[in-house]
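A quick write-up on the structure given underneath.
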Protein chains: 2
Amino acid sequence: TLLHWIEQHFATATNNTVQPATGLRITITAGPTREPLDPVRYLSNHSSGKMGYALAAAAAELGAEVHLISGPVQLAVPAGVQCLPVTTAEEMLQACEARRNQTDLFIACAAVADYRAEQVAEHKIKKQSGQDAMTLTLVKNPDILAQMATGSPRPFCVGFAAETQNVEGYAQDKLLRKNLDAIVANDVSDPGIGFGSDDNRVTLLLRKGEHTEIRPLPQNSKQQLARQLLLELLTFYKEQQQP
Amino acid sequence: TLLHWIEQHFATATNNTVQPATGLRITITAGPTREPLDPVRYLSNHSSGKMGYALAAAAAELGAEVHLISGPVQLAVPAGVQCLPVTTAEEMLQACEARRNQTDLFIACAAVADYRAEQVAEHKIKKQSGQDAMTLTLVKNPDILAQMATGSPRPFCVGFAAETQNVEGYAQDKLLRKNLDAIVANDVSDPGIGFGSDDNRVTLLLRKGEHTEIRPLPQNSKQQLARQLLLELLTFYKEQQQP
């Protein structure tokens, strides 16, 4: 409706006045990665990319210069966002490293495949008629987020932990083990939220020295949640920057 | 444009007069299957489902009663087509078997995963920090097309062979080994055609007793090709039905 448009216009205008992310360069990864087994088969996961795209849109609206490094998804690139499409974890790592020097905040929202095939067959692997089972040897993919949090210059690093059990426990472990500044914990076992869903409910864990602050956020649309998350993260980032 | 609409209307009206598939019940499988490894990861392949959906649309336009059994794709169900969505090969097999008694022609266009994980983990498999490789044991999925071509009542069975090398050789082998009536051979190594593409170029192999007739079809949009393929298949089907 026209009224809705007018409201949106003024809402945006107000945001433009605030612009809490002006001057910040935010790099966000989103979507799944796809790891080929041969020219037709691949390993992947159920990430829709919606959360990462919502974060990119919100970051751009908040005034940041946003680069989105995205695995294969069915989503439109948000206005004001530079998007670089990639397929595999290895390609995503190269793209992130290429942006390291121009990244103040790095938000790793992609569901990167932990493993890829040790060998990618050049031609389609034929089904063997005598053979009822086959073993696939997988090797570990690079840990993009841990690598970004280790190298130099080190951006402010935010991870996501999508889990189906002991969600906060695994998230806290990941926060410390990968040397992150913050992590967003997400229970994907709940079918109403998480992968593919438009809604999400997450818990934000902020690392404050030896202490971890745990801040549950209310369930919301991925759009609203993305904005809220970014505002929390920007506040924390600015606190950390102070000497 | 209005002219286009009017032309389409009369084109459709003409087809309605011909209706070469009236009274025939055609079941078509389409898209990939997804085989879960755990609640978030899966094995799949690059099938877009476009060819199967185009066949379903063309079959409905030609007057058939069409059931489309579809793996996860990003496509709209064509007008006049009943669609049953499935995820895994096992689910697709059950859906096909459930339609066996009401199927005159069975067209297996889906890119069914040959293998699935031997065990599907109930919770997300954790990356083991000490472990750089992992082996995944895969077991063979049911061969839906071979099973449909073996059981009773046996529909007229059409397969697809998507290959990257020795395309006609593998197709002919599959035609005989799986006891099919016809097979559509498709070279997916050519990036301009095949998986994900809107165009396709295929070779139709028809089994005529001891002899196999090989009929290359010209490259065309998947829509045009689907119609052409169905007309060829319907002609062959009707020949076979004659005593």
Side-chain angles (χ1 to χ4, degrees), chain A residues 32 34-47 72-75 87 111-118 121-141 143 146 161-167 170 173-174 177 186-189 191 194-196, chain B residues 32 34-47 72-75 87 111-118 121-141 143 146 161-167 170 173-174 177 186-189 191 194-196:
Chain A
R34 269 186 196 170
E35 308 298 330
L37 306 184
D38 66 22
V40 298
R41 299 181 177 88
Y42 60 82
L43 266 169
S44 192
N45 64 63
H46 291 292
S47 171
V73 297
Q74 306 278 342
L75 296 171
T87 302
V112 180
D114 292 335
Y115 293 91
R116 66 176 184 277
E118 186 177 41
E122 195 190 340
H123 289 293
K124 186 180 168 190
I125 302 164
K126 303 299 298 177
K127 190 157 54 167
Q128 302 299 321
S129 58
Q131 198 182 319
D132 280 342
M134 102 174 216
T135 51
L136 197 62
T137 305
L138 303 176
V139 294
K140 210 177 267 188
N141 262 328
D143 188 326
E163 302 293 346
T164 58
Q165 57 180 345
N166 185 19
V167 178
Y170 281 132
D173 172 64
K174 197 168 171 180
R177 186 167 35 85
N186 198 356
D187 183 347
V188 291
S189 69
F195 282 130
Chain B
R34 269 187 194 169
E35 309 297 329
L37 306 184
D38 66 21
V40 298
R41 297 181 179 87
Y42 60 83
L43 266 169
S44 193
N45 63 64
H46 291 293
S47 171
V73 297
Q74 305 277 341
L75 296 171
T87 303
V112 180
D114 292 336
Y115 293 93
R116 66 176 184 277
E118 187 178 39
E122 193 190 343
H123 289 293
K124 187 179 168 192
I125 303 164
K126 303 300 297 174
K127 189 157 54 166
Q128 302 298 321
S129 58
Q131 197 183 319
D132 278 341
M134 101 175 220
T135 52
L136 197 61
T137 305
L138 303 177
V139 294
K140 209 177 269 188
N141 262 328
D143 188 327
E163 302 292 345
T164 60
Q165 57 181 345
N166 186 19
V167 179
Y170 281 133
D173 173 62
K174 197 168 170 178
R177 185 166 36 84
N186 198 355
D187 184 349
V188 292
S189 69
F195 283 132

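Side-chain atoms are counted along with the backbone in the values below, which use heavy atoms only and exclude waters and symmetry mates. From a predicted model like this one, the values you see are computed outputs, not experimental measurements.
Atom CG of A:L37 and atom OG of B:S44 lie 10.5 Å apart (nearest 0.5 Å). One distance of note links CD of A:Q165 with CD of B:E122; it measures 8.0 Å at 0.5 Å rounding. How far CE of A:M134 is from CG of B:D114: 9.0 Å, rounded to the nearest 0.5 Å.
Qualifying side-chain hydrogen bond (donor to acceptor under 3.5 Å, both in side chains) partners for B:E163, counting only residues two or more places apart in sequence or in other chains: A:K126. Residues passing the side-chain hydrogen bond (donor to acceptor under 3.5 Å, both in side chains) test with A:N166, sequence neighbours excluded: none.
Contact record, A:T137 with B:T135: OG1-CG2, 3.9 Å, taken as the closest heavy-atom pair.
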